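These numbers come from a predicted model, not from an experiment. Both ligands and their constituent atoms are indexed starting at 1 by order of listing. Just so it is clear, the values below take in all heavy atoms, side chains as well, and ignore hydrogens, waters and symmetry mates.
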Amino acid sequence: MPIELSQEVRSALEHGRAVVALESTLICHGFPRPENLAVGQALEAAVRAAGAVPATIAILKGKVRVGLGQLAMGALAGEEGVAKCTVRDLPAVLASGKSGATTVAATMHIATLAGIRVFATGGIGGVHRGGEASLDVSADLPQLARSPVVVVCAGAKSVLDLPRTMEVLETQGVPVIGYRTSELPSFYSPHSGLRLQHRADDVAQLAAIARAHHDLRLPGGMLVCQPVAAEFALDGAVVDDWIRAALAEAELEGVHGPAVTPFLLRRLEKLSGGRTLRANRALAIANAKLAGELAVALAASGG
Ligand code: PSU
Ligand code: MN
């Protein structure tokens, strides 16, 4: 198999220790350089501080890498034009011998191959606004129905159509658990107005749900949604105005397909004077920490 585990990740998995997968699209397309490297490193540090081993996943020179050293992460973060790889892109990018950043969907698939069961990210992809006509629905959603990984996120951004995103998750049988909330967070804001059926209020409760999910042998994953911390949260109505402006620009410039999410993130950063970036960073780090704590709790109980 063209998949290389770092020594540290391999050894942790062999000994049943806690490991947390991290994605690389967030590094290559979610944050601008040079801050992206600092974010990638901060996510790994947060996982370590919780007592787990971080496994950042990316394609480097045609190889799937699970666990990047400092050098590899630095090279990836500094490289321009790294391909954004969702599942359908993996075969061609691997065969080309080039590098690629993995989205939530691609990272979930690779984490499962490697035997990793907990994954932290910022926000998942979902049904785009107008998706009922364009059919622009992120591959993250069907992948959540296929790969048995717990994904810790801050919900999905309100650039998406959140009610339809929740409908697809329900249809696909993906459990969605609010962490200390009964409302779906909308990434920059803790609120969306959408109620969640299930919540956990501490890591032990979360681990109990994850264990039950695993024991049931459900074919897919589970989503844990943690709201952004209050001091970084942005007002939902204000963000919505920025989003509408950013979407209008995307339309005007004819941006579509995989370029949409990175384009909107850059525009929101400009429109908010950097506030969306700070919120994004804070929520991703908090998710890495929670994923680390969850992985430690699961490892302590033998999975
Ligand atoms: N959400 C963010 N930042 C990101 C992404 C999502 O706030 O960088 C990335 C994730 O890797 C996610 C992908 O899997 O965008 C979804 O892209 P698309 O909508 O093209 O499927
Ligand atoms: Mn898309």
Original post:
Would you say Phe187 touches ligand 1, if touching means a heavy atom closer than 4.0 Å?
Top reply: yes
Subject >> For the student: nearest non-hydrogen atoms of Arg117 and Pro148, plus distance >> reply: CG-O, 4.2 Å
**OP:** Considering heavy atoms of the protein only, find what lies nearest to atom 21 (O) of ligand 1 and give residue, atom and distance to 0.1 Å.
**Re:** Ser138 OG, 2.7 Å
**OP:** Would you mind reporting whether Leu206 and Glu293 have side-chain heavy atoms less than 4.5 Å apart?
**Re:** no
Subject >> Neighbour count above 12 (heavy atom, 6.0 Å) for Lys84 NZ >> reply: yes
Original post:
Any chain of hydrophobic side-chain contacts (each under 4.5 Å) joining Trp242 to Leu264?
Top reply: yes
**OP:** Check if Gly122 has a non-hydrogen atom at a distance under 4.0 Å from any atom of ligand 1.
**Re:** no
Subject >> Heavy-atom nearest neighbour in the protein, as seen from atom 6 (C) of ligand 1, with distance rounded to 0.1 Å >> reply: Gly123 O, 3.3 Å
**OP:** Check all N, O or S atoms of Asp136 and name the one closest to the Mn ion (ligand 2).
**Re:** OD1
Original post:
For ligand 1, is there an N or O atom under 3.5 Å from any N or O atom of Val104?
Top reply: yes
Original post:
Thinking salt bridges, do Arg129 and Asp240 make one under a 4.0 Å N-O criterion?
Top reply: yes
**OP:** Indicate yes or no: does an N/O atom of Lys84 lie under 3.5 Å from an N/O atom of ligand 1?
**Re:** yes
Original post:
Which residue supplies the protein heavy atom nearest to atom 9 (C) of ligand 1, what is that atom called, and how far is it?
Top reply: Thr25 CG2, 3.8 Å
Original post:
Is there a chain of hydrophobic side chains (I, L, V, M, F, W, Y, each step under 4.5 Å between heavy atoms) that links Phe232 to Val152?
Top reply: no
Subject >> Validation row: Leu26, Leu43 side chains within 4.5 angstrom (heavy atoms) >> reply: yes
Subject >> Gln143 versus Arg146, side-chain donor and acceptor atoms under 3.5 Å >> reply: yes
Original post:
Of the backbone atoms (N, CA, C, O) and the side-chain heavy atoms from C-beta on, which set of Thr103 has a member under 4.0 Å from an atom of ligand 1: side chain, backbone, both, or neither?
Top reply: both
Original post:
Which one holds for Val260 and ligand 1: side chain close, backbone close, both close, or neither close, with close meaning a heavy atom under 4.0 Å?
Top reply: neither
Original post:
What protein heavy atom sits nearest atom 11 (O) of ligand 1, and how far off is it?
Top reply: Glu23 OE1, 2.8 Å
Original post:
Should we count CD of Glu35 as having more than 12 external heavy atoms under 6.0 Å?
Top reply: yes
Original post:
If hydrogens are left out, which of Leu26, Val137, Leu265, Val87 has an atom nearest to atom 3 (N) of ligand 1, that is, the closest non-hydrogen atom?
Top reply: Leu265
**OP:** Write out the residue and atom name of the closest protein heavy atom to atom 15 (O) of ligand 1, then the distance separating them to 0.1 Å.
**Re:** Thr261 CG2, 3.9 Å
Original post:
Which residue holds the protein heavy atom closest to atom 1 (N) of ligand 1, what is that atom called, and what is the gap in Å?
Top reply: Lys157 NZ, 2.9 Å
Original post:
Going by the order shown, which atoms of ligand 1 are within less than 4.0 Å of some heavy atom of His128?
Top reply: 19 (O)
**OP:** Assess whether atom CD of Glu251 is packed by more than 12 heavy atoms of other residues, nucleotides or ligands within 6.0 Å.
**Re:** no
**OP:** Kindly confirm or rule out an N or O of Thr102 lying under 3.5 angstrom from an N or O of ligand 1.
**Re:** no
Original post:
Which atoms of ligand 1 have any heavy atom of Asp140 under 4.0 Å away?
Top reply: 12 (C), 14 (O), 16 (C)
Original post:
What protein heavy atom sits nearest atom 8 (O) of ligand 1, and how far away is it?
Top reply: Gly30 CA, 3.7 Å
Original post:
Within a radius of less than 6.0 Å around CD of Gln70, do more than 12 heavy atoms belonging to other residues, nucleotides or ligands occur?
Top reply: no
